[in-house]
Amino acid sequence: MENEELFNRCDSNPIISAKVLPYRANVVFNPAATILQDGTTLLLCRVEDQSGFSHLTAARSLNGIDGWEFDPVPTFPPDVKNHPEELWGVEDPRITFIPELKKYMIIYTAYSYQGPVVALATTEDFRSFERLGSVTLPDNKDAVILPCRFKNMWAMIHRPTTYFGNHIWMSFSPDLIHWGKHTLIFESRNGGWWDAARIGLGCPLIETPQGWIMIYHGVRQTASGSIYRLGLALFDHEDPTRCITRGNSWVFGPKADYERHGDVPNVVFACGYTIAPDGDTLNLYYGAADTCIALATGSIKAILSWLERNGTPQGIIKPIG
Ligand code: BMA
């Protein structure tokens, strides 16, 4: 195991906190991220109000670090009348631009009366949205749609909670509404591992010639609560159900004060990144302690090389000791 920092925290962290929002809220965290056609960085932030429910609000910045302009009112509030599954709010969005549809797909957690479900919406401009509704049963969250079809089917990664734990699955659909061919692709580990208590997808997968990089969160349960950290894995480019290699150690965990202290201490939770024009620099936007938004930068090349040196090649899914 190497003592190498793959991600560097931005000096102006945390870059967004509730006090800079244009309206009163408790916390702002776990944003989705994308670069718009004019080069603006857009974050779709999860904002929790003082009822405890979350909605999504867009923030735009020219440099992706400061000068954030927020929509004056919630951009994507729960629509309980038409979508009862959003009763207790909408949380943790991820954005994928789908070239075939020429639209952004937003995939988010709808907090229903029966628990969290995965829901989809599309947009062209982050001002008007078309909801496709819920696409899973509860409990399910931490989902993303891949940007292209595989053998003519759309692919979705998600994290159902079952009697056997919290593992990552992939499902397929001809129309983005009806999903099947459910395949277990990535398991939480056992015993003393840092990612033994629970895992879930973090950001949309990162496409590289070597395969799809997954940034996922792993949870350790301790006497004083959970610790959320980030780990890495690589999936086959043609068959994204096949994990090629999995990093052994976490690569980013709570260290800074704003990650250690907040509404939920000891949490780094990434739902989005942007890639700089050099095609390599990764700007990772993450929620810190469920309270604010921070930024760390990394390099895709460095991630791939780290995985080669610090990963365990994965075969078919089998119990991990
Ligand atoms: C997860 C999600 C995240 C949250 C994390 C830590 O289950 O609900 O929204 O950041 O827990 O509290």
Side-chain angles (χ1 to χ4, degrees), residues 13-18 25-33 43-49 51-57 76 78 85-95 106-119 134 136 138-144 157-162 165-169 186 188 194-204 215-222 224-231 250 252-256 258-273 284-296:
N13 274 352
I15 56 166
I16 296 176
S17 53
N26 177 38
V27 287
V28 51
F29 60 123
N30 299 2
L43 298 184
L44 196 57
C45 311
R46 171 176 172 190
V47 176
E48 188 191 275
D49 65 23
S51 341
F53 305 155
S54 292
H55 59 265
L56 311 180
T57 273
F76 191 91
E85 69 275 13
E86 297 181 5
L87 178 66
W88 288 326
V90 292
E91 307 181 349
D92 301 350
R94 276 91 175 174
I95 297 170
I106 302 165
I107 189 159
Y108 57 98
T109 303
Y111 195 170
S112 84
Y113 177 59
Q114 292 294 310
V117 298
V118 173
S134 61
T136 68
D139 279 10
N140 204 321
K141 47 166 72 175
D142 298 328
V144 82
I157 294 178
H158 54 111
R159 205 284 313 273
T161 297
T162 73
N166 298 272
H167 309 294
I168 297 180
W169 292 66
F186 201 64
S188 58
W194 66 275
D195 54 357
R198 199 173 324 127
I199 56 168
L201 178 89
C203 306
I215 299 179
Y216 72 98
H217 58 262
V219 181
R220 173 178 213 124
Q221 211 58 48
T222 78
S224 54
S226 306
I227 308 177
Y228 277 72
R229 303 182 175 109
L230 302 182
W250 71 82
F252 195 71
K255 265 190 187 167
Y258 51 87
E259 298 159 352
R260 290 277 191 205
H261 305 287
D263 271 10
V264 185
N266 294 316
V267 176
V268 293
F269 197 93
C271 296
Y273 61 82
L284 188 71
Y285 293 94
Y286 62 98
D290 283 12
T291 297
C292 56
I293 293 176
L295 166 65

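Numbering of ligands and ligand atoms starts at 1, following listing order.
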Check: R198 N/O within less than 3.5 Å of ligand 1 N/O: no
For a quick check under 3.5 Å, do S188 and D195 share a side-chain donor-acceptor pair by atom type? no
Answer yes or no: is there a side-chain heavy-atom contact under 4.5 Å between Y108 and R46? no
Residue, atom and distance of the protein heavy atom nearest atom 10 (O) of ligand 1 read D290 OD1, 2.6 Å
Taking only heavy atoms of K141, which atoms of ligand 1 are found under 4.0 Å from at least one of them? 2 (C), 7 (O), 8 (O)
Out of T161, D92, N166, the nearest non-hydrogen contact to atom 9 (O) of ligand 1 is supplied by D92
For the side chain of S112 and the backbone of Q114, is there at least one donor-acceptor N/O pair under 3.5 Å apart? yes
Proximity of F252 and W194 rings by center, below 6.0 Å: no
Can you name the nearest heavy-atom pair linking S226 to R198, along with the distance? OG-NH2, 4.4 Å
Going by atom types only, do R159 and N140 share a side-chain donor-acceptor pair under 3.5 Å? no
Applying a 4.0 Å heavy-atom criterion (strictly less than), which segment of E91 is in contact with ligand 1: side chain, backbone, both, or neither? neither
Using heavy atoms and a threshold below 4.0 Å, how should the contact between N30 and ligand 1 be classified: side chain, backbone, both, or neither? side chain
Nearest protein heavy atom with distance in Å, relative to atom 11 (O) of ligand 1: Y228 OH, 3.1 Å
